[in-house]
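Heads up, the thing below is written out as structure tokens.
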There are 2 protein chains.
Amino acid sequence: MTDSGVVRRGRGRPPSTHVQEAIRTAAARLFGAKSYDAVSVREVAAAAGVDPSLVIRHFGSKEALFLQTMTVDEAFRGLAEGPLEDLGRLILERLLTVRGGAAISTYAALIGAIDRPEVRSYLEASADRHVVAPLAERLTGPDRELRARLVATQVNGLLFDLRGRPDTGLAGRPTAEVLAVYARALQALIDDPTG
Amino acid sequence: MTDSGVVRRGRGRPPSTHVQEAIRTAAARLFGAKSYDAVSVREVAAAAGVDPSLVIRHFGSKEALFLQTMTVDEAFRGLAEGPLEDLGRLILERLLTVRGGAAISTYAALIGAIDRPEVRSYLEASADRHVVAPLAERLTGPDRELRARLVATQVNGLLFDLRGRPDTGLAGRPTAEVLAVYARALQALIDDPTG
DNA sequence: CATTTCTGCCAACAGCGTTGACAGTTGTGT
DNA sequence: ACACAACTGTCAACGCTGTTGGCAGAAATG
């Protein structure tokens, strides 16, 4: 879906790959550990053993590098699949356990940069593509799209609150307990209110 | 609760008020219109007709000025009061309608700066004080504190998704419709699951 | 073999939040 | 009345930021 970030412009010397890879690796580590603002381009460059200007040259801007590095699509894919009657629990289970909570910390980094328009629209598009759209098609009863949208809202809230504490869980509670209780609320939106 | 931001250090010339007021007014307008990062201290100073260094002198830092300007306590006070059997709807109604959605836009500004530790802890403390703590005392059944915490989580999610669109509502839906549907999910956490 | 597009490197830009230095003003304690 | 302390506002400067331009060389295409 996303290209490598380097635009081929015709004939001539082809772009290198290992320098980009080094920058991307360093950026992923730093953006995962500190906030967007707290990570400087010069810092990423130093970690990658590269000149700061090269980072911009290769990726266009700090924000573009950030967006290319911190993607959440992989963790969100197929989130709305599974039997409807147990989907609330299933969604939460996948979010909280898959890849050791990697989805949460990546999401946390994105939320920290939410004021940047491109980050914001990426996050919205991601929720739409992986949760709202597929779920709206499967729901039955009234207000299907709104209910699907609000499922994403609840997921947003949970991810928002879990920012930075992927292990300890909410309010010191273990993940399993949060999951069981919150699943009921999520399921209240999934179930047909007239049925 | 919060003092004026100027610390009296003993005898001597007392602090002025109208300059602080001018800075605070300019800051409130700018922080409400643009994101934390997009508003510079120099810009606030210019709007207040004041030297940039005075802004820092008076308020300590840009972040302190921000926190003193954008407070959400007023809008959150008493949020968890009212009959338990209808509290889900009541909470949402108060959040979405009080003061024309001023709570939402202020919250939006705070979320935009969520990566700053002091902003983060203020937001957490605010939710605790006005929602989690008073609600946990009133709930019945198992997992009272966790359920109260998750009510705040759902509220967070809604405020998060409503950022920047206090009028149009979610997904273009009018506020009333969102309210009615989401209230069910919120109420699912408030109701005693064993009852 | 000319052309084109990369490479990497250095210096510089404008803007940022913040601080130091300094002179002037206004209050309090004795 | 007088010293002192804490404020006032003004100016220049600090170190940092993301980003850009210039430049010489390398590697591909036609």
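Lettering of chains follows the sequences in order, A, B, ..., and the numbering in each one begins at 1.
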>> Please determine whether a side-chain nitrogen or oxygen atom of S40(A) lies at a distance below 4.0 Å from atom OP1 or OP2 of dT17(D).
In response: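 Yes, because at least one side-chain N or O of S40(A) sits under 4.0 Å from OP1 or OP2 of dT17(D).
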> According to a strict under-4.0 Å criterion, is H58(B) in side-chain N/O contact with OP1 or OP2 of dT8(D)?
Replying inline: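 Affirmative; the distance criterion is met.
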Is [X] touching bases, backbone alone, or none of the nucleic acid, heavy atoms closer than 4.0 Å?
X      : answer
V19(B) : sugar-phosphate
S53(B) : base
V39(B) : sugar-phosphate

Base of [N] paired with side chain of [X] (donor-acceptor, under 3.5 Å):
X       : N       : value
R57(B)  : dT18(C) : no
S16(A)  : dC6(C)  : no
R116(B) : dG17(C) : no
R42(A)  : dG18(D) : yes

Without decimals, in angstroms, what is the distance between [X] [atom1] and [N] [atom2]?
X      : N       : atom1 : atom2 : answer
L30(B) : dC16(C) : CG    : C1'   : 16 Å
F59(B) : dG9(D)  : CZ    : P     : 11 Å
I56(A) : dG22(D) : CD1   : P     : 18 Å
F66(B) : dC16(C) : CZ    : P     : 17 Å
D51(A) : dG21(D) : CG    : C1'   : 13 Å
L54(A) : dG22(D) : CG    : P     : 17 Å
K62(B) : dC16(D) : NZ    : C1'   : 14 Å
Q20(B) : dG9(D)  : CD    : C1'   : 12 Å

>> Checking side chain to side chain contact (heavy atoms under 4.5 Å, CB included) between Y107(B) and each of L158(B), L159(B), V155(B), L95(B), which is the one that passes?
In response: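 Among the candidates, only L159(B) passes.
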> Relative to the ring of F66(B), is the ring of F31(B) parallel (under 30°), tilted (30 to 60°) or perpendicular (over 60°)?
Replying inline: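 Because their plane-to-plane angle is over 60°, the rings of F31(B) and F66(B) count as perpendicular.
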Side-chain touch [X]/[Y], heavy atoms, less than 4.5 angstrom:
X       : Y       : value
L139(B) : L84(B)  : yes
Y122(B) : D73(B)  : yes
D37(A)  : R116(B) : yes

